[in-house]
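Every chain is numbered from 1 and lettered A, B, ... according to where its sequence line falls, protein lines coming before strand lines.
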There are 2 protein chains.
Amino acid sequence: MLSNMPNSSSRATTSPAMLELARMLASCDLKVTRPRLAVLKILKNSTTPLSVQELAAALPPLPTINGVTIYRILESFTERGLIRLVNLRHNHLDYELVERHDDHHHIVCTKCGLIEDFYGCGASKLMSAAIKNSRHFATVNEHSVELFGLCKHCVKL
Amino acid sequence: MLSNMPNSSSRATTSPAMLELARMLASCDLKVTRPRLAVLKILKNSTTPLSVQELAAALPPLPTINGVTIYRILESFTERGLIRLVNLRHNHLDYELVERHDDHHHIVCTKCGLIEDFYGCGASKLMSAAIKNSRHFATVNEHSVELFGLCKHCVKL
DNA sequence: TGGTTAATGCAACTTACTTGCATTTAGAAT
DNA sequence: ATTCTAAATGCAAGTAAGTTGCATTAACCA
């Protein structure tokens with residue numbers, strides 16, 4: 001059923017990368033549409049989390065995707081856990097793809113905004129400890145960890 | 001010099017609590033003004049981080065504080081490290097007071113939004129490990145950790 | 001007690017985001 | 001393939017959020 005790609009009538013190449021994106025949508029029970037593929041592609045290829053505006057600016061100019069549609073797509077992706085909002089202390093939230101293993105975090109330079117990824121934060125211990133000590137919580141299954149500091153360049157300034 | 005409180009001409013009581021707030025501002029090189037005291041008071045007394053709108057709604061109705069002023073106050077407080085923005089996955093950022101020891105984090109119910117605090121996340125180990133493995137970073141001095149799960153009430157639903 | 005500079009308030013503006021409704025289209029059934 | 005239906009998109013309009021410039025006020029230092 002993934003063979004019926006949007007734009008199947010056009011010259012679109014339906015590359016393996018596009019098939020992978022389509023599979024990601026389908027596995028989240030999201031219909032495979034051109035705007036959704038475009039948004040997902042950008043997030044997949046981005047090395048950093050993106051603001052709505054950055055994302056919108058990165059979309060192909062034609063055929064245009066309505067701004068309203070972008071908001072609705074981001075909302076549906078977030079609902080399905082395909083993407084997530086992260087706070088890199090840039091005074092707004094950024095969207096990023098959620099990976100399977102999901103122990104992906106960031107170090108952010110508080111001066112220039114440089115972002116570096118890191119994986120594995122040992123939060124499973126923390127999560128079980130938290131649940132033990134918690135008054136009101138029954139389960140903890142997700143976590144976010146971000147570190148803030150100065151990159152090698154900014155530390156010299 | 002803290003004795004010259006704003007509204008010193010009025011009936012304001014200059015309570016010890018207010019003096020404490022004034023001291024917090026002064027120690028950040030922020031002039032002690034009525035709007036700033038009001039904003040700081042709300043954040044100090046709140047048990048949870050607050051959105052701009054929640055904060056604005058919590059301000060005393062009279063004398064009114066202009067919306068522009070609220071934004072500017074929050075900006076100046078953030079610059080001086082008096083407050084900080086946190087992402088509790090409520091689709092917006094919330095402001096909270098920064099405490100001295102600063103190892104204060106949250107567990108958030110992904111269903112009802114309940115927030116519980118926890119302290120001490122053992123991030124110092126993580127931070128030194130991160131700096132060791134980092135390609136681009138020289139120092140890491142702040143961190144944010146939030147946990148997400150289900151509260152005892154929502155887990156039954 | 002002034003004087004200086006920063007903070008506030010106000011008006012106008014830009015940008016961000018939402019809502020309702022008409023149109024299109026993906027995906028399932030035939 | 002063709003048709004059907006619900007969901008997704010686009011468009012127009014509107015609301016809310018956040019910003020900017022400038023005049024006024026007030027904190028706080030000498």
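For B/Glu146, the side chain to side chain donor-acceptor pair (under 3.5 Å) partners are B/His106, not counting sequence neighbours. Legend: residues meeting side chain to side chain contact (heavy atoms under 4.5 Å, CB included) with A/Glu20, ordered by chain and number and at least two apart, are A/Arg23, A/Met24, A/Lys44. Under the side chain to side chain donor-acceptor pair (under 3.5 Å) criterion, A/Asp102 pairs with A/Arg84, sequence neighbours left out. In terms of the side chain to side chain donor-acceptor pair (under 3.5 Å) criterion, residue partners of B/Asp117 (sequence neighbours excluded) are, by chain and number, B/His104. Looking at residues two or more places apart in sequence or on another chain, you find a side chain to side chain donor-acceptor pair (under 3.5 Å) between A/Ser134 and B/Glu116.
Between B/Asn66 atom CG and D/dG21 atom C1' there is a gap of 14 Å when expressed in whole angstrom units. For the pair A/Asp94 CG and C/dA16 P, the computed distance is 14 Å after rounding to whole Å. Distance B/Leu37 CG to C/dT8 C1': 14 Å, rounded to the nearest Å. Distance CG (A/Asp29) to C1' (D/dA8): 15 Å, rounded to an integer number of Å. Taking atom CG of residue A/Leu30 and atom P of nucleotide D/dA8, one finds them 7 Å apart after rounding to whole Å. In this structure, CZ of A/Arg34 is placed 10 Å from P of C/dA26, rounded to the nearest angstrom. Summarising the geometry, the separation between CG on B/Leu59 and C1' on C/dT8 is reported as 14 Å, rounded to the nearest angstrom.
Within the structure, side chain to side chain donor-acceptor pair (under 3.5 Å) contacts touching residues 52-63 of chain B (residues at least two apart or in different chains) are B/Ser51-B/Glu54. The stretch residues 55-79 of chain A participates, sequence neighbours left out, in no side chain to side chain donor-acceptor pair (under 3.5 Å) pair at all.
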Using a cutoff of under 3.5 Å, can you pull out all pairs of nitrogen or oxygen atoms linking the protein to nucleotides 2-6 of chain C, with atom names and distances?
from  : atom 1 : to      : atom 2 : distance (Å)
C/dA6 : O4'    : B/Lys31 : NZ     : 3.2

Show me, pair by pair, the donor-acceptor contacts under 3.5 angstrom made by side chains of residues 121-129 of chain B, not counting sequence neighbours?
from     : atom 1 : to       : atom 2 : distance (Å)
B/Ser128 : OG     : B/Ser124 : O      : 3.2
B/Ser128 : OG     : B/Lys125 : O      : 2.9

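Regarding contacts with the backbone of C/dA16, a side-chain N or O of A/Gln53 is found under 4.0 angstrom from either OP1 or OP2.
Alongside A/Val68, the hydrophobic cluster contains no other residue (criterion: ILVMFWY side chains under 4.5 Å).
Non-hydrogen atoms lying under 4.0 Å from DNA chain C are contributed by B/Val68, B/Thr69, B/Arg72, B/Ile73, all within residues 67-80 of chain B.
Defining each end axis of the helix from C/dT1-D/dA30 to C/dT30-D/dA1 as the rotation carrying four pairs' C1' atoms onto the next four, with five pairs an end, the two axes are found to diverge by 50° to 10 degrees.
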